[in-house]
Asks: 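My questions will all concern the structure given below.
The chains referred to below are lettered A, B, ... by the order of the sequence lines, with proteins before strands, and numbering in each begins at 1.
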Amino acid sequence: MIKRLYSILLAAVIISGGCKKDFLERYPLDAFRDETYWTNENSVRTFSYGFYTNYFSGYGTGAGGFGRYFSSQSLNDDFAPTLPAQFTRNVPTSGGGWTFTLVRKANLFINRVQTVPMEEEAIKHWTGIGRFFKAMEYGNLVRSFGDVPWYGRELTPTDEELYRPRDPRNLVMDSVFADFKYAAANVRLSDGNDGLTVNRYVVLAFMSRIFLYEGTFLKYHNIDQVKSKEYLEAALWAANEVMKSNKFSITDEYRSLFNSLDLVGKKEIILYRKYETGLLTHGLHSYVNKEPQTGASKDAVESFLAKDGLPISISLLYRGDTSIAAVMADRDPRLTETFVPDAIRLQGIATNYSTSGYAVRKFFNEALKDALEGNGFLNITDAPVIRYGEVLLNYAEAAAELGTLTQADLDKSINTLRARPGINIPKLQIIGGQPAVGGKVYDDPKRDPTVPSLLWEIRRERRTELMFEGFRLDDLKRWKKLEYTDTQAKPDINRGVWIKRSNYPGLLASIKIENDALQGYIIPAFNAASQRPFVDPKVYLDPLPLDQIKLYQDRGVTLKQNVGW
Amino acid sequence: MGDNDATPMKGVTITNDVTKNRTQTDENGNFTIEAAGGQRLVFTYVGFTTQDAVVGSEATISVRLVAMPGTLDEVVVVGYGTQKRANLTGAVSTVNVDKALGSRPITDVARGLQGAVPGLTITTPSGDIGTNPAIRLRGISGSLNGPGAQPLILVDNVELPDLRMINPDDIESISVLKDAASASIYGTRGAWGVILITTKTGKKGVERNRISYSNNFAWSRPTVVPEVASGAEGAAMALSAMRRTNPNTTVFGAVGYNIDSIAIDKMREWQSKYGGQNLGDEMEMGRDFEIRNGRLFFYRTWDPNKMYLRDWTPQQTHNITLSGSTAKTGYTIGLGYLGQKGVLKVNPDEFERFNVSIGVTSSVTNWLDARTKVILSRATRLRPYYFSSETYDPWYYLSRWPSFYPYGTYQGKPFRSALTEVQQATVTPEQNTLGRIQIGGTFKIAKGLTVDADYTYANNNGHEHQSGGSVSAWDFWSGGGQLTYGKYTSPTFDRAIYISDWNERNTVKAFATYNKDLGDHDFKFIAGTDVEAYLYRSQRSERRGLLNPDMAEPNLATGDQFVGSSAGHWATLGYFGRINYAFKNKLLLEVNGRYDGSSFFPTNARWAFFPSVSAGYTITQEKFMDFAKPVLTSLKFRGSYGSIGNQAVGGNRFLRVMNTSLSGWVIGSNNMLTVATPGLVSPDLSWERVTTLDFGADARLLRNIGVTFDWYRRTTSDMLTSGATVPSSLGTSAPVQNYGEMQTAGWELAIDWNHRFHNGLNFNLTALLSDFQEKITKFANTTKLISSNYEGRILGEIWGYQTDRFFTKDDFVTDVAGNLVLQAGKYVMKPEVPTQTRWELTSFYYGPGDIKYKDLDGDGKIDIGRNTVDSSGDQQIIGNSTPRYQYGLRLGADWKGFDINLFIQGVAKRDFWANGPVFIPGFRPAEAWYQHQLDYWTPEKPDAFYPRPTNQLESNATRNFLPQTKYLLNMAYTRLKNINVGYTLPAKISKKIKLQTTRIYFSGENLLTIDNLSIPIDPEVNYTSAGLNDTSTFGRVYPYRKTFSLGVQVTL
């Protein structure tokens, strides 16, 4: 009996010996916890990379679109697809972009940064980074929805604030302004890896973009002229801060900004996204290399100036459009940098055809034509995220909208772009408030009569310099010019190259020439059912999802739907 | 007189059928009875099949009785002990191991259990070899958290989550503990029931040594594979679909091939000229394909299935069991081998498994029995390296492209295809090794009091070694009409990868049992503890740029290198107690209590107490029931109620965890690491409580019919769900709380019947039927979006529309000539026809031949309302994907050495709204259309099954294929799972070849299937786990197979 008890006792001792006091306390082995993560600047930096691709998409990744470039804004007047993208028709039941995930991420980040043991300077810098990303997010939300609730802290599930009604967009943008101002004052001038990490110039460049948007939106939608001025001044200031720094210049060859394997050291690049074989690749290069593409409209091609700096409608250099050689001859070299200058690519004749015949080559690198990295989704050309050229355009436009634009302003902005190596077209001048070239005032007869002549030229400069970089739809929205995208009212945006069918025996029968004539412009979207009418101004703002409205309603609170939806 | 093992049986009743004289066997199994020649003796014993023998002239008659499973004296393995079936009060099913697993060409235990236990749902989403079936007990989900209603699988009382690692031949018994009262003693991890498996182990006591050997050779072939439509027919459908949205489409294509009307004619021409001829693999430019206007067109038809799939894939198993015993020690040694070849013809996949199990039991002293058990199992799976991904495996590609896709060669070189990739792939071995050692003993402390303690260490290692490489072919995909031969795979595949994972499980179980029999009152007490700790780690290392592709080792490569890892651990600790009380074997009571702690919960809510109780009343033990005796031999009512804590709620639910991931932002040559935003957690999170109420009855009728019925309701309360629906403004999902509740209600019926006819024909039947439904009874979702969970939702429900009919010309405005009027390119619907404009997006407008949905709410438009339960527009619940009325029917007979067994298994009701091109014609119009989709609407064929071809935009919820009644898949089936015919050589002949017993058999699986499917898929397929990443893979999975096999079983 004693032996039995001994052995049982022994077993019991062994068992209990194996049990530590905190036996059931097991924290994750392969993930951090909020409570223990925020220990040093490196952890803060690591967290911050989680924001980057939300705002700095570059050329996107893999098959997932091309970031902001090319197809991201397929709804505009630059593209002439066979099936034009349509405006939103239905109010979504849920989702629809109404999300505050990144607002929370930024608020949480700002809050945690304060607790991290590091230098005061570092805390300020990273607070600035947090506020910058928060401002970027609110900039996007306001652009989509107009009024949105503004949150300055991480919410809890029982917070009354959750049901906060939408704040007027001015109020929200004032906070965005404050965030940008803080960031512009506190974010480091350089945080290492210039061009790949957010520094003060990145903040300022985006500030000019966002406040140009807001300033012009408030102005043209006649929401608040006082605020409009304030925001345009902010855009001007931010752009000028970048310009004043003399850190950037327009000295790179135009297309090298878009087709280089490495953008490091490019004087114009403020921030870029880097691609590397095996790490991160995109598909935009392939798209303009060997794949069929959505082409550009006649309207887009015609927006480029002639070499003498005059619009084609009045330039004596313009040779018409009955051949591609004529279209491309003696034009603003940005035209031939953006488009394939010596060939039209039509279905039946080229496999990498374009719907309009005009094919884009802005992103094309000849050396990669047959390389593995030039095809499929294996492209490794780096993508500009924000470049100095845009800042200059933001500056010029803000000044013009404020009515303060001087020749000096033009010389340091638009004329700097025109003086780019390889571009070299005459300066834009102001004479008596009117645009002029070579001392001669001109007025584009094809101008939208509601847009003043000088502003028309500034907008043209923006359109042609930034073509396919993802700005056009936003620009039309803020100028209240979505009517430009109506394929019926604006036939030129649904026209491609001019051809004589007999010259192209291989041309597919389905490629339509206007009015089914033997010669004329190609009509990419000829189907009546495929047209895109612009009828309802409600599309200037996105609809809020139904489920959110219902949730507020259940709570006795009204979440106001945007007008017209 | 002896049982199966020839152990003498005491107390067998022998009746002379004529004189009605009776006697019983003594301790040694001997008996004496008077009988005249020609008279029949009937041998009966409870729990054994009744036998009879006609007396001849001999003086001695030997009879061997066969135990009858399911009968009252059957000893059933239950939690921490055994129990006579007659005294069971919980819902416990046992499996007739011999019938469910024996003589079947199955690769693992789980596949054998399908249809063998009422309430157990076993599914395999594809026919892939070496994969683990999903096992669910009493429900599918159980809770909205965790992996579903997965029962705890215990092999010799210790968890073994992967049943593939155990040899079916080593198994001695299987019990399934279904209600809370029976499973609760296993606590926390047994919330969804327990499958208790015991393996063969040495039995001491009888001096005997035995060797048995069995084998099985099987050949299988796919049951059904999707058949791609002929080149011309498929292309014609595709063209017509493309012209819906763009009437002027003349040419289009995908990945470099093109379709236009000339090509369709040329395909027809090719077919009539060369169809059926053997032209060899070499393709001729001009005849089989051509480049026209800078485009590639292919005309020749291929059958990749034929080129790719074996007609018969072989499989073999061999098992040897050595067992022996002395008075004090017994042992068994089991050795098993399974070799399975895959369906691929080139570079075939393979699965192989070796098992060793050793069990020893010995009486060390008169107060200590020691035991040990060792299991070692190694499984190897060989697969060609995938240049695509797990989701888009070769099966996906095999039927992805139209049948003109070039599977041949040009100038002796192959074209880019999945087949080429498999051909040129290296073979990737995946190896899993499980080692487990168990040591323990039973201490006899005093009369009736024993203490059992066991410690088990289990270690599982998985290793995968991938050696990538490259593929060279005519790459017409990105060539743009050019044929370029060369390497087309990304250089990133040129790499060596090691993936390893390993886990360790330490389990201690110790308990004391005390039996006390006080005449009419029989008590049994158990008290004990169990401790379990689990740790896993994994790592992946990769290096690119192999110096020599044949030597794929990271240290023999020069390129970029990548590493990754994961790790985790958990622990549980529990104390339990049980009291069994029986009064005159009539009134039975069992009370359980368990106090559980788990590392899955925060300190303040870590421990919880879970009680359960069950009771039984054997009414036939009452005198007043004697009148029913001739018919109703026994009837017992059971009831149980109890709860168990569920910890399987997902890891780290109470922690603000920040997982790392790659940010997609490259600096230098690093894709920068980032960490996720921590979510919100509720600090007082605790256990989910799974409470089961079970009522059951066990009856035996006449002598040989058994009926068992159970009704249950299982409530998962305190279920982790968000406590309230929060608006998006929170910026994250609401933290989960113990808020939701879900109920599973179901019933299970089992009937067995067993009869031996006078001529020696033995017949048996087992029939099982069960059903359940799962319903969310508490859930915070005030919007009640039908796409989300809500209170009252029955799991698996499918919302959709009623299909009315095809639109006809009469639904649209026509001009005087009777032609359809087009307005801005659109057909004009007559005003009285409900509009479907909501679904007319991106240049698609409904017209004749399209689906007309029913306007149920009569508002003149087909829409979704607010897409909520209360405002669902014209949507309603049209079906449910939960399998209903699952059944199994086993019929067996044997006669004079011949035996035959049929096993039929099925599901009576199940609906499914699938995804992907096999299900949705026109899912991606430029890719394959299938043979079965040819029955489509044209003005000449208005009664076709499918609507007018349409580009479905890769969606199963738009245009003509919104979820709807007409195309809802009926996944019900009845399947002859197994047929087994055997012959046991007469003992005399066996002895001549020095064998004790010899049986040869034929066994076939899935030989016959009855279903009602409109598309060519096996009714058992589902989304595979990798396929869930892209459900368009549906139906294009590793094929299900039917199997024919032969085998021998001998005992030396």
Side-chain angles (χ1 to χ4, degrees), chain A residues 4 7-8 11 15 23-24 26 28-34 37 46-47 49-50 52-53 61 82-83 86 93-94 98-101 103-105 108 149 155 157 162 193 196 274 276-280 290 348 350-352 375-376 378 506 508-510 527-530 546-548 550-551 554, chain B residues 246 248-251 293-295 367 443 445 451 453 478 480-481 490 492 508 544 560 566-571 573 597 599 606 652 655-659 663-667 669 671-675 677-678 725-732 734-735 782-783 785 824-826 843 845 866-867:
Chain A
R4 297 177 200 186
S7 47
I8 290 171
I15 292 168
F23 182 68
L24 295 178
R26 309 224 165 193
L29 299 173
D30 60 357
F32 295 110
R33 287 186 295 136
D34 194 16
Y37 175 72
T46 298
F47 188 89
Y49 290 125
Y52 274 52
T53 57
T61 56
T82 41
L83 291 175
Q86 300 292 330
T93 52
S94 60
W98 185 261
T99 160
F100 293 78
T101 309
V103 170
R104 175 173 180 270
K105 188 180 178 84
L108 186 140
L155 298 182
L162 283 179
N193 294 306
L196 286 169
K274 189 173 162 62
E276 279 270 310
T277 293
L279 286 180
L280 194 74
K290 291 182 178 173
T351 50
N352 54 352
N375 292 290
L378 305 174
L508 275 198
S510 61
N527 213 357
S530 309
L546 291 174
D547 65 335
Q548 297 298 309
K550 168 84 168 30
L551 266 177
D554 292 348
Chain B
N246 188 349
N248 298 61
T249 307
T250 50
V251 61
N293 297 332
R295 277 165 212 278
W367 53 270
F443 302 85
I445 309 290
V451 170
S478 49
S490 162
T492 58
V508 173
R544 295 176 183 167
D560 291 336
S566 67
H569 57 171
W570 52 260
L573 175 57
S599 67
R606 186 164 285 158
N652 305 326
L655 298 172
R656 291 171 65 100
V657 169
M658 299 167 76
N659 287 303
S663 65
W665 190 257
V666 176
I667 296 179
S669 53
N671 190 339
M672 302 310 287
L673 190 81
T674 190
V675 287
T677 324
T725 322
V726 290
S728 306
S729 50
L730 183 60
T732 183
T782 50
T783 47
L785 274 183
K826 307 167 198 175
S843 300
Y845 302 97
R866 290 179 152 271
N867 209 34

Asks: Might you point out which heavy atoms bring A:Tyr49 and B:Ser663 nearest each other, and give the distance in Å?
Replies: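 Nearest heavy atoms, A:Tyr49 then B:Ser663: O-CB, 3.7 Å.
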Asks: Compare every heavy atom of B:Val657 with every heavy atom of A:Ala31, then report the nearest pair and how far apart it is.
Replies: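 Result for this residue pair: CB-CG1, 3.4 Å.
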Asks: Non-hydrogen atoms of chain A under 4.5 Å away: do they reach the side chain of B:Ile667, the backbone, both or neither?
Replies: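 Both parts, backbone and side chain.
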Asks: Using a cut-off of under 4.5 Å on heavy-atom pairs, state which of A:Glu276, A:Arg104, A:Lys274 scores highest against chain B.
Replies: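 Of A:Glu276, A:Arg104, A:Lys274, A:Arg104 has the most heavy-atom pairs under 4.5 Å with chain B.
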Asks: Could you tell me which of B:Thr732, B:Val726, B:Leu785, B:Asn867 has the largest number of non-hydrogen atom pairs under 4.5 Å with chain A?
Replies: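 So the answer, after comparing B:Thr732, B:Val726, B:Leu785, B:Asn867, is B:Thr732.
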Asks: What part of B:Leu655 lies closer than 4.5 angstrom to a heavy atom of chain A: side chain, backbone, both or neither?
Replies: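 For B:Leu655, side-chain heavy atoms alone lie under 4.5 Å from chain A.
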Asks: Working to the nearest 0.5 angstrom, can you tell me the gap between B:Thr725 OG1 and A:Gln548 CD?
Replies: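 CD of A:Gln548 is found 10.0 Å from OG1 of B:Thr725.
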Asks: Between B:Leu673, B:Asn671, B:Thr492, which has the largest tally of heavy atom pairs under 4.5 Å with chain A?
Replies: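 Among the listed options, the one with the most contacts to chain A is B:Leu673.
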Asks: Relative to chain A, which segment of B:Ser728 carries a heavy atom at a distance below 4.5 Å: side chain, backbone, both, or neither?
Replies: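 Contact with chain A is through both the backbone and side chain of B:Ser728.
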Asks: By ring-ring contact (aromatic ring centres under 6.0 Å, His included), which residues pair with A:Phe32, not counting sequence neighbours?
Replies: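 Per chain and number, A:Phe32 pairs via ring-ring contact (aromatic ring centres under 6.0 Å, His included) with A:Tyr37.
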Asks: Strictly by modelled atom types, are A:Lys550 and B:Thr783 linked by a side-chain donor-acceptor pair under 3.5 Å?
Replies: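 No, B:Thr783 and A:Lys550 have no side-chain donor paired with an acceptor closer than 3.5 Å.
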Asks: Counting heavy-atom pairs under 4.5 Å to chain B, which of A:Leu162, A:Thr277, A:Asn375, A:Asn527 comes out on top?
Replies: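 Ranked by heavy-atom pairs under 4.5 Å with chain B, first place is A:Leu162.
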Asks: Salt bridge (Lys or Arg N to Asp or Glu O under 4.0 Å) with B:Asp560: which residues, sequence neighbours excluded?
Replies: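 Per chain and number, B:Asp560 pairs via salt bridge (Lys or Arg N to Asp or Glu O under 4.0 Å) with no residue.
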Asks: Hey, are the side chains of A:Leu108 and B:Thr677 touching, using non-hydrogen atoms and a 4.5 Å cut-off?
Replies: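 The answer is yes; the side chains approach within 4.5 Å.
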Asks: At what distance, to the nearest 0.5 angstrom, does CZ of B:Arg295 lie from CG of A:Leu508?
Replies: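 It comes to 5.0 Å.
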Asks: Mind ranking B:Lys826, B:Arg606, B:Arg866, B:Met672 by heavy-atom pairs under 4.5 Å with chain A and telling me who comes out on top?
Replies: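 Winner by heavy-atom pair count: B:Arg606.
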Asks: By a 4.5 Å heavy-atom criterion (distance strictly below it), what part of B:Trp570 contacts chain A: side chain, backbone, both, or neither?
Replies: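 Only the backbone of B:Trp570 comes within 4.5 Å of chain A.
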Asks: Heavy atoms, side chains only, cut-off 4.5 Å: are B:Trp665 and A:Leu280 in contact?
Replies: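 A side-chain contact under 4.5 Å is absent here.
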Asks: Side chain, backbone, both or neither: which part of B:Asn659 has an atom under 4.5 Å from a heavy atom of chain A?
Replies: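 Backbone plus side chain of B:Asn659, per the 4.5 Å heavy-atom cut-off to chain A.
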Asks: Between A:Pro157 and chain B, with a heavy-atom cut-off of 4.5 Å, which part of the residue counts as in contact: side chain, backbone, both or neither?
Replies: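 Both backbone and side chain of A:Pro157 come within 4.5 Å of chain B.
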Asks: Counting only N and O atoms by type, is there a donor-acceptor contact under 3.5 Å from the side chain of A:Asp30 to the main-chain atoms of B:Ala567?
Replies: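 Yes.
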Asks: Among B:Pro735, B:Gly568, B:Ala571, which residue has the highest count of heavy-atom pairs closer than 4.5 Å to chain A?
Replies: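 Option with the greatest count: B:Ala571.
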Asks: Given the options A:Gly278, A:Gly376, A:Gly506, A:Ser530, which has more heavy-atom pairs under 4.5 Å with chain B than any of the others?
Replies: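 Of A:Gly278, A:Gly376, A:Gly506, A:Ser530, A:Gly278 has the most heavy-atom pairs under 4.5 Å with chain B.
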Asks: Quick check for you: among A:Leu155, A:Thr82, A:Leu196, A:Leu378, which has the greatest number of heavy-atom pairs under 4.5 Å with chain B?
Replies: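 Top count of heavy-atom pairs under 4.5 Å with chain B: A:Leu196.
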